[in-house]
Amino acid sequence: LPTRFDWRDKNVVTRVRNQGSCGGCWAFSVVEVIESAYAIKGKPLQTFSAQEVIDCSYKDGGCNGGSPVSALKWLNQTKTRLVTESMYPFKAKTGMCHHFPMSTFGISIKGYQAYSFRHKEEEMMHKLLEWGPLIAVVDAVSWQDYLGGIIQHHCSPEESNHAVVITGYDRTGDIPYWIVRNSWGSTWGIDGFVHIKMKRNVCGIADSVAAGFV
Amino acid sequence: QFIAQYNRSRSPGRLGSAHQYKAFQESIQRQHALNSLPSDLLVEKGSATYGINQFSDLAPELFRATYLCSKPSELPKYKPFDSEVKRLH
(Lines give C-alpha, C1' and ligand atoms only; values in the text may rest on other atoms or scores of the structure.)
Protein backbone atom coordinates (compact mmCIF):
# COMPACT_ATOMS: atom_id res chain seq x y z
CA LEU A 1 0.00 0.00 0.00
CA PRO A 2 1.27 3.52 -0.75
CA THR A 3 1.94 5.73 2.29
CA ARG A 4 -0.50 8.29 0.92
CA PHE A 5 -3.44 7.76 -1.40
CA ASP A 6 -6.33 10.03 -2.36
CA TRP A 7 -8.83 9.40 -5.14
CA ARG A 8 -8.97 13.19 -5.64
CA ASP A 9 -5.49 12.93 -7.17
CA LYS A 10 -6.94 10.70 -9.91
CA ASN A 11 -9.63 13.27 -10.75
CA VAL A 12 -12.47 10.89 -9.93
CA VAL A 13 -14.04 12.88 -7.08
CA THR A 14 -16.69 15.50 -7.77
CA ARG A 15 -16.87 18.86 -5.98
CA VAL A 16 -17.93 19.03 -2.33
CA ARG A 17 -21.68 19.51 -2.01
CA ASN A 18 -23.84 21.23 0.59
CA GLN A 19 -26.87 19.35 1.91
CA GLY A 20 -28.23 22.57 3.41
CA SER A 21 -30.89 21.98 6.02
CA CYS A 22 -31.86 18.62 4.49
CA GLY A 23 -30.82 15.52 6.42
CA GLY A 24 -29.86 13.75 3.21
CA CYS A 25 -26.21 12.95 3.94
CA TRP A 26 -27.00 9.26 3.40
CA ALA A 27 -28.15 9.98 -0.19
CA PHE A 28 -25.19 12.25 -0.95
CA SER A 29 -22.75 9.59 0.23
CA VAL A 30 -24.34 6.97 -2.04
CA VAL A 31 -24.40 9.21 -5.10
CA GLU A 32 -20.84 10.40 -4.53
CA VAL A 33 -19.32 6.90 -4.41
CA ILE A 34 -21.26 5.95 -7.55
CA GLU A 35 -19.95 9.06 -9.35
CA SER A 36 -16.42 8.04 -8.43
CA ALA A 37 -16.95 4.37 -9.34
CA TYR A 38 -18.22 5.51 -12.76
CA ALA A 39 -15.20 7.79 -13.28
CA ILE A 40 -12.76 5.09 -12.12
CA LYS A 41 -14.15 2.95 -14.96
CA GLY A 42 -12.82 5.60 -17.35
CA LYS A 43 -16.12 7.38 -17.91
CA PRO A 44 -16.49 11.16 -17.63
CA LEU A 45 -16.63 12.54 -14.09
CA GLN A 46 -20.09 13.99 -13.60
CA THR A 47 -22.48 14.73 -10.80
CA PHE A 48 -25.53 12.52 -10.38
CA SER A 49 -28.75 13.33 -8.57
CA ALA A 50 -28.85 13.03 -4.79
CA GLN A 51 -32.40 14.41 -4.94
CA GLU A 52 -33.49 11.34 -6.92
CA VAL A 53 -32.25 9.07 -4.10
CA ILE A 54 -33.85 11.33 -1.46
CA ASP A 55 -37.22 11.29 -3.24
CA CYS A 56 -37.29 7.71 -4.50
CA SER A 57 -35.53 5.40 -2.02
CA TYR A 58 -38.85 4.48 -0.44
CA LYS A 59 -37.50 2.70 2.63
CA ASP A 60 -35.60 5.81 3.71
CA GLY A 61 -36.89 9.06 5.10
CA GLY A 62 -35.80 11.63 2.54
CA CYS A 63 -34.56 14.81 4.21
CA ASN A 64 -35.54 13.34 7.59
CA GLY A 65 -32.78 10.75 7.33
CA GLY A 66 -31.91 7.37 5.93
CA SER A 67 -29.34 4.65 5.58
CA PRO A 68 -26.73 4.43 2.81
CA VAL A 69 -26.89 0.62 2.86
CA SER A 70 -30.68 0.72 2.51
CA ALA A 71 -30.32 3.08 -0.46
CA LEU A 72 -27.67 0.88 -2.10
CA LYS A 73 -29.94 -2.15 -1.60
CA TRP A 74 -32.81 -0.26 -3.24
CA LEU A 75 -30.64 0.86 -6.17
CA ASN A 76 -29.37 -2.69 -6.66
CA GLN A 77 -32.74 -4.41 -6.40
CA THR A 78 -34.70 -2.01 -8.59
CA LYS A 79 -31.81 -1.17 -10.96
CA THR A 80 -33.06 2.39 -10.81
CA ARG A 81 -30.96 4.59 -13.08
CA LEU A 82 -29.43 7.61 -11.44
CA VAL A 83 -29.86 10.63 -13.69
CA THR A 84 -27.58 13.63 -13.66
CA GLU A 85 -27.79 16.42 -11.13
CA SER A 86 -28.79 18.86 -13.88
CA MET A 87 -31.76 16.64 -14.83
CA TYR A 88 -32.94 16.26 -11.24
CA PRO A 89 -31.50 19.16 -9.18
CA PHE A 90 -31.14 19.27 -5.42
CA LYS A 91 -34.04 21.06 -3.71
CA ALA A 92 -33.06 20.53 -0.03
CA LYS A 93 -36.49 19.06 0.73
CA THR A 94 -38.17 15.74 0.11
CA GLY A 95 -40.35 15.69 -2.99
CA MET A 96 -42.30 13.35 -5.22
CA CYS A 97 -40.21 10.72 -7.00
CA HIS A 98 -39.75 11.67 -10.64
CA HIS A 99 -39.38 9.02 -13.34
CA PHE A 100 -37.62 9.65 -16.63
CA PRO A 101 -37.98 8.03 -20.05
CA MET A 102 -35.49 5.27 -20.89
CA SER A 103 -33.88 7.61 -23.41
CA THR A 104 -32.68 9.84 -20.58
CA PHE A 105 -29.05 9.22 -19.68
CA GLY A 106 -28.53 7.52 -16.34
CA ILE A 107 -26.49 4.80 -14.64
CA SER A 108 -27.50 1.87 -12.50
CA ILE A 109 -25.32 -0.08 -10.11
CA LYS A 110 -24.18 -3.68 -10.68
CA GLY A 111 -23.84 -4.40 -7.00
CA TYR A 112 -22.59 -3.21 -3.67
CA GLN A 113 -20.63 -4.39 -0.64
CA ALA A 114 -21.17 -3.42 2.98
CA TYR A 115 -19.11 -4.60 5.95
CA SER A 116 -17.85 -3.67 9.37
CA PHE A 117 -14.08 -3.17 9.28
CA ARG A 118 -13.75 -2.63 13.04
CA HIS A 119 -10.22 -3.66 14.05
CA LYS A 120 -9.46 -4.13 10.35
CA GLU A 121 -8.58 -0.66 9.10
CA GLU A 122 -5.56 -2.09 7.25
CA GLU A 123 -7.97 -4.24 5.20
CA MET A 124 -10.15 -1.16 4.74
CA MET A 125 -7.21 0.63 3.12
CA HIS A 126 -6.90 -2.21 0.62
CA LYS A 127 -10.61 -1.97 -0.14
CA LEU A 128 -10.39 1.80 -0.63
CA LEU A 129 -7.87 1.18 -3.40
CA GLU A 130 -9.77 -1.80 -4.82
CA TRP A 131 -13.36 -0.54 -4.63
CA GLY A 132 -12.96 3.25 -4.85
CA PRO A 133 -14.16 5.84 -2.31
CA LEU A 134 -16.02 4.25 0.61
CA ILE A 135 -19.17 5.30 2.43
CA ALA A 136 -18.82 5.40 6.23
CA VAL A 137 -21.40 6.20 8.90
CA VAL A 138 -19.75 8.06 11.79
CA ASP A 139 -20.45 9.96 14.98
CA ALA A 140 -20.25 13.61 13.89
CA VAL A 141 -21.67 15.41 16.95
CA SER A 142 -18.41 17.24 17.69
CA TRP A 143 -18.02 18.15 14.02
CA GLN A 144 -20.39 21.03 14.64
CA ASP A 145 -17.33 22.96 15.82
CA TYR A 146 -14.59 21.40 13.66
CA LEU A 147 -12.15 23.76 11.95
CA GLY A 148 -9.28 21.52 10.87
CA GLY A 149 -6.59 19.09 11.97
CA ILE A 150 -6.85 15.38 12.74
CA ILE A 151 -9.78 14.23 14.88
CA GLN A 152 -8.49 11.85 17.56
CA HIS A 153 -10.87 12.46 20.47
CA HIS A 154 -14.34 13.83 21.23
CA CYS A 155 -16.36 11.34 19.25
CA SER A 156 -17.72 7.89 19.89
CA PRO A 157 -17.68 4.67 17.88
CA GLU A 158 -21.00 3.73 19.48
CA GLU A 159 -23.28 6.52 18.28
CA SER A 160 -22.94 6.78 14.52
CA ASN A 161 -25.29 9.32 13.00
CA HIS A 162 -23.81 10.83 9.83
CA ALA A 163 -22.85 9.41 6.41
CA VAL A 164 -19.65 10.58 4.72
CA VAL A 165 -17.25 9.38 2.02
CA ILE A 166 -13.65 8.29 2.59
CA THR A 167 -11.58 9.34 -0.42
CA GLY A 168 -8.10 8.55 0.86
CA TYR A 169 -5.60 8.24 3.67
CA ASP A 170 -2.23 9.70 4.63
CA ARG A 171 0.42 7.87 6.63
CA THR A 172 3.32 10.17 5.83
CA GLY A 173 3.19 12.12 9.13
CA ASP A 174 3.29 11.24 12.83
CA ILE A 175 -0.45 10.57 12.93
CA PRO A 176 -1.92 8.49 10.09
CA TYR A 177 -5.38 9.67 9.08
CA TRP A 178 -8.32 9.00 6.81
CA ILE A 179 -9.26 11.74 4.35
CA VAL A 180 -13.02 12.12 4.61
CA ARG A 181 -15.37 14.09 2.42
CA ASN A 182 -18.39 15.72 4.02
CA SER A 183 -21.51 17.27 2.48
CA TRP A 184 -21.64 20.53 4.46
CA GLY A 185 -20.13 22.74 1.76
CA SER A 186 -16.52 23.61 0.98
CA THR A 187 -16.30 26.33 3.65
CA TRP A 188 -16.63 23.73 6.44
CA GLY A 189 -13.50 21.96 7.74
CA ILE A 190 -10.58 21.57 5.35
CA ASP A 191 -12.22 22.66 2.08
CA GLY A 192 -15.21 20.49 2.98
CA PHE A 193 -13.07 17.55 4.17
CA VAL A 194 -12.15 16.26 7.64
CA HIS A 195 -9.16 14.18 8.74
CA ILE A 196 -9.74 11.28 11.16
CA LYS A 197 -7.04 9.31 12.91
CA MET A 198 -6.61 5.78 11.57
CA LYS A 199 -6.43 2.47 13.41
CA ARG A 200 -8.61 3.07 16.49
CA ASN A 201 -12.04 3.22 14.88
CA VAL A 202 -12.21 6.92 15.76
CA CYS A 203 -15.80 8.23 15.39
CA GLY A 204 -16.80 4.69 14.30
CA ILE A 205 -15.17 5.24 10.91
CA ALA A 206 -14.71 1.51 10.31
CA ASP A 207 -18.00 0.19 11.68
CA SER A 208 -20.40 0.70 8.80
CA VAL A 209 -18.55 0.84 5.46
CA ALA A 210 -20.00 0.39 1.99
CA ALA A 211 -19.19 0.76 -1.69
CA GLY A 212 -21.22 0.62 -4.89
CA PHE A 213 -20.11 -0.81 -8.24
CA VAL A 214 -21.12 0.24 -11.76
CA GLN B 1 -17.78 39.19 12.25
CA PHE B 2 -19.85 36.01 12.43
CA ILE B 3 -22.94 37.79 11.03
CA ALA B 4 -20.92 39.25 8.16
CA GLN B 5 -18.94 36.11 7.37
CA TYR B 6 -21.90 33.74 7.40
CA ASN B 7 -24.46 36.15 5.98
CA ARG B 8 -26.73 36.20 9.04
CA SER B 9 -28.28 39.50 8.08
CA ARG B 10 -31.73 39.12 9.66
CA SER B 11 -30.99 41.77 12.25
CA PRO B 12 -27.97 43.91 11.36
CA GLY B 13 -25.43 44.20 14.12
CA ARG B 14 -26.93 41.45 16.25
CA LEU B 15 -27.59 37.75 15.98
CA GLY B 16 -31.11 37.18 14.69
CA SER B 17 -32.76 35.94 17.86
CA ALA B 18 -32.12 35.44 21.54
CA HIS B 19 -31.98 31.67 20.91
CA GLN B 20 -29.27 32.09 18.30
CA TYR B 21 -27.28 34.43 20.51
CA LYS B 22 -27.50 32.00 23.41
CA ALA B 23 -26.49 29.12 21.13
CA PHE B 24 -23.55 31.19 19.88
CA GLN B 25 -22.32 31.90 23.42
CA GLU B 26 -22.67 28.23 24.33
CA SER B 27 -20.76 27.26 21.19
CA ILE B 28 -17.80 29.37 22.27
CA GLN B 29 -17.76 27.66 25.67
CA ARG B 30 -18.07 24.23 24.07
CA GLN B 31 -15.27 24.97 21.60
CA HIS B 32 -13.02 26.05 24.44
CA ALA B 33 -13.69 22.74 26.19
CA LEU B 34 -13.04 20.75 23.01
CA ASN B 35 -9.71 22.54 22.50
CA SER B 36 -8.64 21.84 26.09
CA LEU B 37 -7.73 18.17 26.30
CA PRO B 38 -7.27 16.69 29.78
CA SER B 39 -3.61 16.31 30.64
CA ASP B 40 -3.88 12.53 30.76
CA LEU B 41 -4.70 12.49 27.06
CA LEU B 42 -1.72 12.75 24.80
CA VAL B 43 -1.93 16.00 22.84
CA GLU B 44 -0.39 14.99 19.60
CA LYS B 45 0.85 17.27 16.90
CA GLY B 46 -1.86 17.89 14.31
CA SER B 47 -4.80 17.41 16.66
CA ALA B 48 -8.12 18.83 15.54
CA THR B 49 -9.02 22.39 16.39
CA TYR B 50 -12.53 23.61 17.11
CA GLY B 51 -13.95 27.10 16.76
CA ILE B 52 -16.53 29.36 15.16
CA ASN B 53 -17.96 28.13 11.87
CA GLN B 54 -21.30 28.24 10.05
CA PHE B 55 -22.96 26.07 12.74
CA SER B 56 -22.01 28.22 15.73
CA ASP B 57 -25.45 29.82 16.09
CA LEU B 58 -27.23 26.45 16.19
CA ALA B 59 -28.14 24.76 19.44
CA PRO B 60 -26.59 21.26 19.55
CA GLU B 61 -30.04 19.64 19.54
CA LEU B 62 -31.02 21.54 16.40
CA PHE B 63 -27.70 20.72 14.73
CA ARG B 64 -28.20 17.02 15.46
CA ALA B 65 -31.79 17.01 14.29
CA THR B 66 -30.95 18.82 11.07
CA TYR B 67 -27.60 17.42 9.98
CA LEU B 68 -27.05 14.08 11.69
CA CYS B 69 -29.75 11.97 10.09
CA SER B 70 -28.12 8.76 9.04
CA LYS B 71 -28.38 5.41 10.70
CA PRO B 72 -25.63 2.79 10.81
CA SER B 73 -26.53 -0.68 9.58
CA GLU B 74 -25.81 -3.94 11.32
CA LEU B 75 -23.20 -5.30 8.97
CA PRO B 76 -21.22 -8.53 8.88
CA LYS B 77 -17.59 -8.27 9.91
CA TYR B 78 -15.31 -8.23 6.93
CA LYS B 79 -13.54 -11.54 6.41
CA PRO B 80 -11.12 -11.62 3.48
CA PHE B 81 -11.86 -15.30 2.77
CA ASP B 82 -15.66 -14.76 2.44
CA SER B 83 -15.09 -11.96 -0.01
CA GLU B 84 -12.76 -14.08 -2.14
CA VAL B 85 -15.29 -16.94 -2.25
CA LYS B 86 -18.08 -14.55 -3.34
CA ARG B 87 -15.85 -13.16 -6.06
CA LEU B 88 -14.99 -16.65 -7.32
CA HIS B 89 -18.69 -17.58 -7.50
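So you know, we letter chains A, B, ... as the sequences are listed, proteins then strands, and number each from 1.
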Donor-acceptor under 3.5 Å (A/D145 side chain, B/N53 main chain) =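 Absent.
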Choice from [options] maximising heavy atom contacts with chain B below 4.5 Å:
options                       : result
A/A114, A/S67, A/G185         : A/A114
A/S116, A/G204, A/G149, A/G23 : A/S116
A/H126, A/Q144, A/H119        : A/Q144
A/G189, A/G61, A/G173, A/A140 : A/A140
A/H195, A/M124, A/K120        : A/K120
A/G66, A/S21, A/G65           : A/G66

Approximate separation, where rounding is to 0.5 Å, of [X] [atom1] and [Y] [atom2]:
X      : Y     : atom1 : atom2 : answer
A/H162 : B/Y67 : NE2   : OH    : 10.5 Å
A/L147 : B/L34 : CG    : CG    : 10.5 Å
A/N18  : B/Q54 : CG    : CD    : 7.5 Å
A/H154 : B/Y50 : NE2   : OH    : 5.0 Å
A/D207 : B/L75 : CG    : CG    : 9.0 Å
A/W143 : B/F55 : CH2   : CZ    : 11.5 Å

Contact part of A/V209 toward chain B, heavy-atom cut-off under 4.5 Å: side chain, backbone, both or neither?
->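 The answer is the backbone of A/V209.
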Considering only heavy atoms, which portion of A/N64 lies under 4.5 Å from any heavy atom of chain B: side chain, backbone, both, or neither?
-> backbone
Near B/H32 NE2, under 6.0 Å, is it more than 12 heavy atoms from other residues, nucleotides or ligands?
->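 Counting other residues, nucleotides and ligands, NE2 of B/H32 stays at 12 neighbours or fewer.
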Inspect the surroundings of NZ in A/K79 and state if more than 12 heavy atoms from other residues, nucleotides or ligands are less than 6.0 Å away.
->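 Correct, the count exceeds 12.
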Measuring heavy-atom distances to chain A, does B/F63 have an atom under 4.5 Å in its side chain, in its backbone, in both, or in neither?
->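 For B/F63, the side chain is the part near chain A, not the backbone.
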Residue B/I52 versus chain A: region with a heavy atom under 4.5 Å | backbone
Minimum heavy-atom separation for B/Y78 to A/E123, with atom names?
->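 Taking B/Y78 first and A/E123 second, the nearest heavy atoms are CE2-OE1, 3.8 Å.
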Residue pair A/S208 / B/P72: nearest heavy atoms and the distance that separates them | OG-CA, 4.0 Å
Hey, are the side chains of A/V141 and B/R64 touching, using non-hydrogen atoms and a 4.5 Å cut-off?
->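 Heavy-atom side-chain distance check passes, below 4.5 Å.
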When B/A48, B/P76, B/S70 are compared by non-hydrogen pairs under 4.5 Å with chain A, the top option | B/S70
